[in-house]
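Letters A, B, ... are given to chains in the order of the sequence lines, protein chains preceding strands, and every chain is numbered from 1.
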2 protein chains.
Amino acid sequence: MVLRDGHDDGNLGHVPMPAGRSPAAARGRRAARPSGDDRELAILATAERLLAARPLSAVSVDDLARGAGISRPTFYFYFASKDAVLLTLLDRVVAEADAATRAAFDSPAGDAREGWRRAITAYYETFRAHRGLTLAWAEARSTNAEVRELWARVFDGWVDRCAAAIESERARGAARAGVPARDLAVALNSMNERVLYATFSGDGPAVAESDVVTVLLDVWLGAIYGSSAPSGS
Amino acid sequence: MVLRDGHDDGNLGHVPMPAGRSPAAARGRRAARPSGDDRELAILATAERLLAARPLSAVSVDDLARGAGISRPTFYFYFASKDAVLLTLLDRVVAEADAATRAAFDSPAGDAREGWRRAITAYYETFRAHRGLTLAWAEARSTNAEVRELWARVFDGWVDRCAAAIESERARGAARAGVPARDLAVALNSMNERVLYATFSGDGPAVAESDVVTVLLDVWLGAIYGSSAPSGS
DNA sequence: GACGGTATCGACGTCCTGTCGAACGAGTCA
DNA sequence: TGACTCGTTCGACAGGACGTCGATACCGTC
């Protein structure tokens, strides 16, 4: 019999940091406790540090444990697995990206073009700031169902917001009608995901880091408005 | 010391199947031989069969060997690793997709819109016909450098062809000027890759299989021409 | 100064990987 | 026919990573 990662999701709706308890409490094996928190933090810090230098597959539980100054079995006292650590880290970055794109969407936004540019930039900046994690997430996604689910939820949120924005642009007559807004949103967000990944990972053909936002924006505007210059404010 | 997968690329320019020798000869450990060829084929068939049902990570070398009716050590007589099998399989599918998209590009193509639609459809059809492999490839890419390189080479070829086509559309005044054609090609091909993957894998938000070509085409046309209706033939 | 929960680790069993060396069988050549 | 080669096969091994169990040390408290 194979043991499942064993943790009941509980509140994965990740409220934006309830100030006190980190989302790790739900993810880890242990209930909240004061003394061991530094260990937990040490593990997380070690993970982020190591992942900035090597791929996830080259980081073992032992590396994480040693990096945090504890033994391998002790690691399991804090996290159920290597992936659980990653999930905790991702929760944070996702909350960051979520906040940033939400801000971009809700902010004043002079004209429409500027609004979209801000949203794409927010997304770009956040993941660029956590390159290692971004790469590790992509790696884990193919083998870990929880990572897949977390990403699906997050992605879905962005798609919803984009689809709503596209529909509102269509309603005011600025954006051209065409394929369903939601399908368009899925396609464009997928593009961003893959293009940014290629740019950050550096292997294979990619758009230069300095141009990537411009290029993505150009495709977004072309797909939504039919040209790079949406009309009206 | 860790042994590398140990095979000198030789001719990875994959000529479209020299009729006689399969590309596996270059990939595997052994020189061409008549008697063991069925074993080799059996391994490849087993791999494709198993990958249609479970992810790559759930298929062990032992599964492959048993499936082909041989023992695990014997497997290593034919292939250097599980990934080498996958690489051989990918060589084939890639050649297929390459031929299909090349045909789409070179074919008569009544109007421009139809040309692009054909190219996207070719890509879509090929990978849909090998769902399991497509998913496995994505999984292997994150851990295996050879898979990454193979994909980079293939992807680059498509980008080249697309960029050239975009430039020629710009030259004749049909496509709008904008970001460099190559950057645009990278972005659009990346989108296709990610969107199709999501559609085939079925987890997370995705475009329905029946709509995906239409949606992708719409974004391509919007990005290249500025609307879904390119002018002229 | 016994107790209960926190925290820690040594040792174990399992799974998978890749390799080594011994064997087996079918041709070939003396 | 018997020795010799060469393609092919596999049992057995060693290594690495994972996750678990049970014993212990630490610590605040009653």
Let me know the distance between [atom1] of [X] and [atom2] of [N], rounded to the nearest Å.
X        : N       : atom1 : atom2 : answer
Phe79(A) : dC18(D) : CZ    : P     : 15 Å
Arg72(B) : dC13(D) : CZ    : P     : 14 Å
Ile70(A) : dG10(C) : CD1   : P     : 12 Å
Arg66(A) : dC18(D) : CZ    : P     : 13 Å
Ile43(B) : dT9(D)  : CD1   : P     : 9 Å
Asp62(B) : dC10(D) : CG    : C1'   : 12 Å
Asp37(A) : dT6(C)  : CG    : P     : 13 Å
Asp63(B) : dC15(C) : CG    : P     : 13 Å

Nucleotide-level pairing of DNA chain C, given in dot-bracket where Watson-Crick and G-U pairs need both distances under 3.5 Å and | marks other strands: ||||||||||||||||||||||||||||||
Side chain to side chain, Thr214(B) and Arg117(B), heavy atoms closer than 4.5 Å: no
Take the angle between the ring planes of [X] and [Y] and call it parallel below 30°, perpendicular above 60°, tilted in between.
X         : Y         : result
Trp158(B) : Phe127(B) : perpendicular
Phe200(A) : Tyr124(A) : parallel
Trp116(B) : Trp220(B) : tilted

Any Thr74(A) side-chain N or O less than 4.0 Å from OP1/OP2 of dC9(C): yes
Short side-chain N/O contact from Tyr76(B) to OP1 or OP2 of dC20(C), under 4.0 Å: no
Nucleic acid contacts of residues 45-58 of chain A, taken as heavy-atom distances under 4.0 Å to DNA chain D: none
Lys/Arg N to Asp/Glu carboxylate O, Glu193(B) vs Arg141(B), below 4.0 Å: yes
Residues Arg49(B) and Asp63(B) bridged, charged N to O under 4.0 Å: no
So if I take every side-chain heavy atom of [X] and compare against [options], which nucleotide ends up nearest?
X        : options                   : answer
Phe77(B) : dT8(C), dG11(D), dT9(D)   : dT9(D)
Pro73(A) : dC21(D), dG19(D), dG11(D) : dC21(D)
Arg39(B) : dG18(C), dT9(D), dC20(C)  : dT9(D)

Residue pair Arg131(A), Glu209(A): steps toward the salt bridge (charged side-chain N to carboxylate O under 4.0 Å, His left out) verdict: CA-CA 12 Å; Arg131(A) 235 174 260 256; Glu209(A) 209 157 313; 2.8 Å; yes
Sugar-phosphate only, base, or nothing, as touched by Ser60(A) at under 4.0 Å among non-hydrogen atoms: sugar-phosphate
Flag, side chain of Thr199(A) to backbone of Val207(A), donor-acceptor distance under 3.5 Å: yes
Residue pair Glu139(B) / Ser57(B), side-chain donor-acceptor N/O under 3.5 Å: yes
